[in-house]
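Just below is one structure, and these are the notes that go with it.
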Amino acid sequence: MPNTDNFKRGTVELTVLSVLSQKDMYGYEIVKAVSEKSGGLFSLPLGTLYPVFYRFSENGYISDYDVIVNKRLRKYYHLEEKGREYYKELLTEYRKISRGVDMILKAVEENE
C-alpha cells in the first residue's frame with residue numbers, strides 16, 4: 001500500500017484554510033469538516049492542527065477568539081484577509097502541481 005503521509009502533510013494547510021474560508025470554526029469542528037468534505041478519505045488528527053494554528057497566527061493568516069459553550073471555553077479560528085490571499089496562492093500552486101502530475105501519469109499510461 002502506498003504511503004500517503006507525505007501528501008497529506010503537504011495538504012493540511014490547504015484543507016484547514018479551505019474550511020476556514022467558509023466560516024469561523026473551532027479545532028474539532030475543523031477536523032470533522034475535513035473528514036466529511038473528503039468523504040472520510042482524509043483524516044486530520046487534532047494534534048496536527050495546533051502547530052498549524054500557531055504558524056498561521058504568527059503570520060497573520062488567522063485570528064482566534066473564545067466563546068463559552070455549555071460552560072466550556074471554545075476557541076474559534078477566523079481567517080483574516082491575509083490568510084485568504086495565502087489560501088488562494090496555495091490553491092493555485094496545488095492545482096498547478098496536480099495538473100502536472102496528472103499529465104505525467106497520463107503520458108506514462110499511454111506508453112504502457
Side-chain angles (χ1 to χ4, degrees):
M1 173 176 253
N3 183 346
T4 59
D5 287 346
N6 287 336
F7 180 75
K8 286 181 181 178
R9 260 185 253 123
T11 57
V12 167
E13 287 189 355
L14 185 60
T15 56
V16 169
L17 291 170
S18 176
V19 296
L20 280 177
S21 72
Q22 296 181 318
K23 68 176 188 169
D24 295 358
M25 294 185 185
Y26 57 95
Y28 182 67
E29 188 177 17
I30 292 170
V31 169
K32 283 182 13 185
V34 167
S35 179
E36 288 171 5
K37 292 179 185 304
S38 72
L41 295 174
F42 190 79
S43 62
L44 187 59
L46 193 56
T48 302
L49 285 178
Y50 295 104
V52 173
F53 290 154
Y54 179 75
R55 209 167 38 256
F56 283 174
S57 182
E58 192 174 72
N59 289 315
Y61 300 152
I62 64 169
S63 57
D64 60 64
Y65 58 93
D66 296 328
V67 175
I68 296 176
V69 178
N70 296 328
K71 298 181 182 180
R72 296 183 66 193
L73 195 62
R74 191 178 277 172
K75 186 175 291 294
Y76 279 81
Y77 298 92
H78 172 78
L79 185 61
E80 298 292 342
E81 187 56 38
K82 188 174 179 182
R84 288 185 189 284
E85 292 169 13
Y86 181 60
Y87 168 58
K88 289 176 187 174
E89 291 172 17
L90 284 179
L91 186 57
T92 299
E93 189 64 23
Y94 172 81
R95 287 185 172 147
K96 190 185 317 178
I97 291 169
S98 181
R99 272 194 314 274
V101 169
D102 195 43
M103 290 170 64
I104 292 167
L105 295 176
K106 285 180 181 177
V108 169
E109 288 172 356
E110 289 172 1
N111 289 326
E112 289 182 346

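Just so you know, residue 1 is the first one in the sequence shown, and it goes up from there. Since we're looking at a predicted model, the values are computed, not measured.
- The hydrophobic clustering, which links ILVMFWY residues whose side-chain heavy atoms are closer than 4.5 Å, places L91 and Y61 together.
- With sequence neighbours excluded, the residues satisfying side chain to side chain contact (heavy atoms under 4.5 Å, CB included) with E85 are E81.
- Ionic pairing of R84 and E89 is not present here: no N-O contact between side-chain nitrogen and carboxylate oxygen is shorter than 4.0 angstrom.
- The cluster map of Ile, Leu, Val, Met, Phe, Trp and Tyr, joined by side-chain heavy atoms under 4.5 Å apart, puts V34 and L14 in the same cluster.
- One hydrophobic cluster, built from ILVMFWY side chains closer than 4.5 Å, holds both V69 and Y28.
- Remark: the backbone N or O of S35 is paired with a side-chain donor or acceptor of S38 at under 3.5 angstrom.
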### Query
Do Y86 and F56 pass the side chain to side chain contact (heavy atoms under 4.5 Å, CB included) test, and can you show the C-alpha distance, the side-chain angles, and the key distance before you say yes or no?
CA-CA 10 Å; Y86 181 60; F56 283 174; 4.0 Å; yes
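- In terms of heavy-atom proximity, V12 sits nearest to T15 at O-OG1, 2.9 Å.
- Residue pairs satisfying the salt bridge (Lys or Arg N to Asp or Glu O under 4.0 Å) criterion with at least one member in residues 70-80, sequence neighbours excluded, are listed as follows: D64-K75, D66-K75.
- Here OG of S18 is found 11.0 Å from CG of L90. Values are rounded to the nearest 0.5 Å.
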### Message
Working note: E29 + K23, criterion side chain to side chain contact (heavy atoms under 4.5 Å, CB included); need CA distance, chi angles, decisive distance, verdict.
### Response
CA-CA 11 Å; E29 188 177 17; K23 68 176 188 169; 3.0 Å; yes
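- Cluster membership for L105 and I97, using ILVMFWY side-chain heavy atoms within less than 4.5 angstrom, is shared.
- What you find for M25 and V19 is that their closest heavy atoms are CE-O, 3.5 Å.
- D102 CG to E109 CD: the interatomic distance, rounded to the nearest 0.5 Å, is 8.5 Å.
- The aromatic rings of Y76 and Y26 sit perpendicular, their planes meeting at an angle over 60°, well past the 30° parallel limit.
- The two atoms that bring S21 and L79 nearest to each other are CA-CD2, 3.7 Å, heavy atoms only.
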Check: residues 44-55 side-chain donor-acceptor pairs under 3.5 Å, at least two apart:
unit_1 : atom_1 : unit_2 : atom_2 : d
T48    : OG1    : P45    : O      : 3.4
Y54    : OH     : E58    : OE2    : 3.2
R55    : NE     : E13    : OE2    : 3.1
R55    : NH2    : E13    : OE2    : 3.1

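- Residues D24 and Y65 bring a donor and an acceptor atom of their side chains to less than 3.5 Å of each other.
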### side chain to side chain contact (heavy atoms under 4.5 Å, CB included) evaluation trace for Y87 with L20
CA-CA 10 Å; Y87 168 58; L20 280 177; over 6 Å; no
